[in-house]
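Note that ligands are numbered from 1 as they come in the structure, with each ligand's atoms numbered from 1 the same way. Owing to the predicted nature of the structure, the values given are computational and were not obtained by experimental measurement.
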Amino acid sequence: MSTPVLEVRHLCKTFPGRHTALSAVEDVSFSIAPGQCLGLVGESGSGKSTVARMVCRLLEPTSGQILLHGQDITGLTGRDLRAVYRQLQMVFQSPAESFDPRRTLGDGIGESLRVRGVPRRERERRTAALMERCGLDPALGARRPHEVSGGQCQRAAVARALAAEPILLICDEATSALDMTVQRQIMDLLAELKEQDGIAILFICHDLALVQSFCDRTAVLHRGRIAEEGPTEQVLLHPCSKAAKALIDAAF
Ligand SMILES: Nc1ncnc2c1ncn2[C@@H]1O[C@H](COP(=O)(O)OP(=O)(O)OP(=O)(O)O)[C@@H](O)[C@H]1O
Ligand SMILES: [Mg+2]
């Protein structure tokens with residue numbers, strides 16, 4: 001078997017509380033192969049975003065390991081962290097979060113190219129090509145995040161993530177704020193990235209129908225623990241755990 005793009009081992013996160021500490025994530029392990037999409041589902045507060053934020057190193061795990069393409073990135077800091085950082089990109093629910101409100105979308109999309117020393121002309125050409133790939137008119141690159149629609153901004157956020165040439169894309173409710181048509185378009189784009197570019201995706205989503213149609217495997221998180229994980233069909237159509245059954249009963 002090929003090396004997983006992402007492997008998470010015994011990940012835990014405890015937040016200090018006023019009276020008792022809260023274990024938001026407890027002993028979570030999973031892996032994602034190249035070109036594979038893992039759906040992460042679970043009731044609100046079950047720990048999905050906390051897992052995502054730890055994988056992105058936006059949040060320090062209390063314990064456990066995160067391996068990116070076999071490399072343990074858990075303890076990395078400074079320059080070493082920045083070097084791997086580019087390889088994992090996150091797309092959030094509110095796309096404007098990915099951009100500096102004072103700068104143009106084009107600047108935001110081209111930022112990782114600039115950091116890597118790509119000259120301005122080439123950067124502009126590649127930014128325009130990425131925007132087109134994401135179904136955006138490159139002319140929108142001159143606008144600021146608040147001057148485009150939510151759907152356009154989300155596509156720009158995907159283009160921004162792609163500019164970094166990631167091996168892993170983490171989508172935390174990335175399509176939840178979009179209407180059905182735009183949602184479909186973003187999902188088609190993600191499917192293409194997965195199939196053509198072999199990008200692995202961690203897909204966090206409340207919409208189980210969407211997870212069913214898109215994710216190869218699905219993990220159900222319940223109170224910070226994985227209640228069940230397996231091929232999506234099996235988990236969503238023939239769940240074994242109480243937590244997965246309850247979630248599915250509530251959804252369908
Ligand atoms: N920075 C923080 N400090 C303290 N507690 C936190 C912090 N971030 C998250 N939590 C708590 O950790 C638990 C898991 O939160 P998390 O955001 O991971 O849930 P989620 O599954 O993403 O929920 P949702 O579906 O509502 O987005 C919750 O009880 C939450 O209140
Ligand atoms: Mg969340």
For this session: State whether the side chain of R223 and the backbone N or O of V25 hold a donor-acceptor pair below 3.5 Å, judged by distance alone.
Result: no
For this session: Work out which heavy atom in C56 is nearest to a heavy atom in M90; give both atom names and the distance.
Result: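 Nearest heavy atoms, C56 then M90: SG-SD, 3.1 Å.
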Problem set entry | Candidates I170, L59, D172 - the one meeting side-chain contact (heavy atoms from CB on, under 4.5 Å) with R53 |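 Of all the options given, the one that passes is L59.
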Between [X] and [Y]: side-chain donor-acceptor atoms closer than 3.5 Å:
X	Y	value
E97	S94	yes
E7	S31	no
Q65	H10	no
R143	Q152	no

Exercise. In order of chain and number, which residues sit within 4.0 Å of ligand 1 by heavy atom?
Worked result: F15, L22, A24, E43, S44, G45, S46, G47, K48, S49, T50, H206
Exercise. Taking the Mg ion (ligand 2) as the centre, how many protein N/O/S atoms fall inside a distance shorter than 2.8 Å?
Worked result: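 There are 1 of them.
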For this session: With K194 as the cation and F214 as the aromatic partner, state whether NZ or CZ is under 6.0 Å from the six-membered ring centre and within 45° of the axis.
Result: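 Yes, cation above the ring, under 6.0 Å and within 45°.
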Problem set entry | N-O pairing of K245 and D249 below 4.0 Å | no
